[in-house]
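First comes the structure, then the notes that go with it.
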Amino acid sequence: MAGSVPGGGRPLILTEDPLLLDDLLRLCAAAGADPHVHHVVPEPGGTAEPGGDAGSTGWESAPLVLVGDDAARRVRGAPRRAGVLLVGRDLDDPHVWQRAVEIGAEEVLRLPDAESRLVDRLADVVEGAGRPALAVGVIGGSGGAGASTLACALAVRAARAGERTILIDGDPLGGGMDVLLGGESAEGLRWPDFAASRGRVGAGALEESLPELHDLRVLSWDRGDRVVVPPAAIRSVVAAARRRGGVVVVDLPRRVDEAVAEVLAQLDLVLMVVPGELRSVAAAGRVAAGVRMVARDVRVVVRGRCAGGLDPESVAGLLGAPLAGEVPVEVGLPGRVAEGEPPGTQGRGALARFCDGFWQRALGSAQGVPA
């Protein structure tokens, strides 16, 4: 059975094809990876060069192994492991999949078509990418439902629980999530700064470039002229935010366009905030229909109870979605937010209690969240 991919270290290249080697070295340079190159198959657990470090260069210990087509037959006897890629330049070779099975390769990458995919895998090695972040989107089922407030509170409570947390503002017309956190003048990049992004965005570089507010990082829109960020750039930025683990919370607009669809496709869960009255439920039904076309898991959060309104179970039943919980109206919250106190800061408030309970369930934590 293949083992797990070892963390750290340098990728290993096995090939005697000089043209393929040139391509692989170029792609390693593009990803910032410093590979070991071996022209013969190393002994299991051995080194790639005399006097080398077996902990970082051997077949079994390298975090990623790139096997050239020319070397595949000589690798057939090596121990099975994860992180082996079969790479070649012949797009019409009918026997390539057989060779991939023989060496236990995870993927077959044919150059130049798969160059971007290979750069991504190499960059993951450089960044030490592990388990991706739990990504949660929050969307209002109707206008004024309080989705942005809940998204901000979720991020604040996750950060206070010690999770690496990034809060992403997915609504260019929402006024800026940094305002809710009292950081509209904080230094750091906003969405318009990523409009010209092409290809992969570095996870570490992204995190360091964003404003840090209340122990979390926030990617917000600014208050300048509207700048359109291409869907491909949005996809790359959200993917980078997830690569270092922890928690990513996205405040979503109520429309689903191409850019929003790119975000929804990367979320593990979407919470739809719906006030407990019939008109809001009717509006939420239309929103849910669009979100479900892309999102994997949509759940309902009922905010407050109106006099003569619907109970939470009825709201969820009408929308045909699981109930994630109820957030009671918190007295005094709008005033505190207006004075610069972010939602979720009051550890004993109804909003914070909902968020703490949600994260304990979602993250499988047995410990409470500090106030």
Review point. Do D268 and R296 come within less than 4.5 Å of each other through their side chains, counting heavy atoms only?
Key: yes

Practice item. Find the distance between CG (L167) and NE2 (H214) and round it off to the nearest 0.5 Å. Key: 11.5 Å

Study note, to complete from the structure: Output for pair (D171 CG, W221 CH2), nearest 0.5 Å, gives 9.0 Å

Check your understanding: So, does S220 use its side chain to make a donor-acceptor pair with the main chain of V218 at under 3.5 Å?
Key -> no

Exercise for review: Output the distance between atom CZ (R361) and atom CG (D356), rounded to the nearest 0.5 Å.
Suggested key: 10.5 Å

Check your understanding: Do any N or O atoms from the side chain of D22 and from the backbone of L19 form a donor-acceptor pair under 3.5 angstrom?
Key -> no

**Study point:** Shortest non-hydrogen contact from M272 toward A288
**Key:** CE-CB, 3.4 Å

Review point. If you take all heavy atoms of L351 and G344, which pair is closest and at what distance?
Key: CD2-N, 4.1 Å

Could you list the donor-acceptor pairs under 3.5 angstrom formed by side chains in residues 144-152, with sequence neighbours left out?
| unit_1 | atom_1 | unit_2 | atom_2 | d |
| --- | --- | --- | --- | --- |
| S148 | OG | D251 | OD1 | 3.3 |
| S148 | OG | D251 | OD2 | 2.8 |

Check your understanding: Can you name the closest pair of heavy atoms from V294 and A261 and give their distance?
Key -> CG1-O, 3.5 Å

Practice item. Could you go through the side-chain contact (heavy atoms from CB on, under 4.5 Å) check for R99 and V67 one step at a time? Key: CA-CA 11 Å; R99 292 197 295 276; V67 180; over 6 Å; no

Practice item. Find out whether L64 and D124 are in side-chain contact, i.e. whether some heavy atom of one side chain is under 4.5 Å from a heavy atom of the other. Key: no

Review point. Do D69 and R110 sit within salt-bridge range, that is, some charged N less than 4.0 Å from a carboxylate O?
Key: yes

Exercise for review: For the pair E115 (side chain) and L27 (backbone), establish whether a donor and an acceptor sit closer than 3.5 Å, ignoring hydrogens and angles.
Suggested key: no

Point to revise | 4.5 Å side-chain heavy-atom contact, V247 and W359 | key: yes

Check your understanding: Quick one: do V227 and L206 end up in the same hydrophobic cluster if we chain Ile, Leu, Val, Met, Phe, Trp and Tyr together by side-chain heavy atoms under 4.5 Å apart?
Key -> no

Check your understanding: Is the backbone N or O of G245 less than 3.5 Å from a side-chain atom of R164, with the two atoms forming a donor-acceptor pair by type?
Key -> yes

Review point. What is the minimum heavy-atom distance between T15 and D70, and which atoms define it?
Key: OG1-OD1, 2.7 Å

Review point. If two hydrophobic side chains count as joined below 4.5 Å and joins carry through other members, does V84 share a cluster with V101?
Key: no

Check your understanding: Between R200 (side chain) and D120 (backbone), is there a donor-acceptor pair under 3.5 Å?
Key -> yes

Practice item. For the residue pair V156 and L216, establish whether any side-chain heavy-atom pair is separated by less than 4.5 Å. Key: yes

Practice item. Kindly work out whether a path of hydrophobic side-chain contacts (I/L/V/M/F/W/Y, heavy atoms less than 4.5 Å apart) joins V179 to L210. Key: no

Point to revise | CA sep, side-chain torsions, deciding dist, call: V302, L310, side-chain contact (heavy atoms from CB on, under 4.5 Å) | key: CA-CA 10 Å; V302 178; L310 301 167; over 6 Å; no

Review point. Hey, mind stepping through R243 and E127 against salt bridge (Lys or Arg N to Asp or Glu O under 4.0 Å) and telling me if it holds?
Key: CA-CA 9 Å; R243 274 199 298 274; E127 293 180 359; 3.2 Å; yes

Check your understanding: Is a side-chain N or O of S280 found less than 3.5 angstrom from the main chain of G276, in a donor-acceptor match?
Key -> no

Check your understanding: Can you find a heavy atom in the side chain of L267 that is under 4.5 Å from one in the side chain of L252?
Key -> yes

Point to revise | Rounded distance [0.5 Å steps], CG in L66 versus CG in L109 | key: 8.5 Å

Review point. What orientation do W191 and F194 show, parallel under 30°, tilted 30 to 60°, or perpendicular over 60°?
Key: perpendicular

Exercise for review: Would you mind reporting whether D17 and R89 have side-chain heavy atoms less than 4.5 Å apart?
Suggested key: yes

Point to revise | Euclidean distance, W97 CH2 relative to L86 CG, rounded to 0.5 Å | key: 9.0 Å

Review point. Do side-chain atoms of R81 reach the backbone of W59 as a donor and acceptor pair under 3.5 angstrom?
Key: yes

Exercise for review: Say whether V228 and I234 are linked into one hydrophobic cluster, either directly or through other cluster members, by side-chain heavy-atom distances under 4.5 angstrom.
Suggested key: no

Exercise for review: Could you tell me the separation between the CZ atom of R157 and the CZ atom of R353, rounded to the nearest 0.5 Å?
Suggested key: 10.5 Å

Practice item. Sequence neighbours left out, what passes side-chain hydrogen bond (donor to acceptor under 3.5 Å, both in side chains) with D222? Give chain and number order. Key: none

Point to revise | Lys/Arg-Asp/Glu bridge criterion (N-O < 4.0 Å) met for R26, D23 | key: yes

**Study point:** Minimum-distance pair of heavy atoms, taken over all atoms of A321 and R292
**Key:** CB-NH2, 3.5 Å

Practice item. Give a yes or no on whether the backbone of I166 and the side-chain of R217 come within a donor-acceptor separation of less than 3.5 Å. Key: no

Point to revise | Cluster check L173, V260: I/L/V/M/F/W/Y, side chain < 4.5 angstrom | key: no

**Study point:** CA sep, side-chain torsions, deciding dist, call: V281, L319, side-chain contact (heavy atoms from CB on, under 4.5 Å)
**Key:** CA-CA 7 Å; V281 174; L319 293 171; 4.1 Å; yes

Point to revise | V270 versus A295, closest heavy-atom pair with distance | key: CG2-CB, 3.9 Å

Practice item. State, yes or no, whether a side-chain contact exists between R190 and D178 at a heavy-atom distance under 4.5 Å. Key: yes

Practice item. Could you tell me whether the side chains of Q98 and E102 share a donor-acceptor contact shorter than 3.5 Å? Key: yes

Review point. When you measure from the side chain of E106 to the backbone N and O of G83, does any donor-acceptor pair fall under 3.5 Å?
Key: yes

Check your understanding: With a 4.5 Å heavy-atom cut-off, do V287 and V274 have their side chains touching?
Key -> no

**Study point:** R299 side chain vs L271 backbone, donor-acceptor pair below 3.5 Å
**Key:** no

Review point. Can M177 and I168 be said to form a side-chain contact (heavy atoms from CB on, under 4.5 Å), step by step?
Key: CA-CA 8 Å; M177 291 296 288; I168 297 179; over 6 Å; no

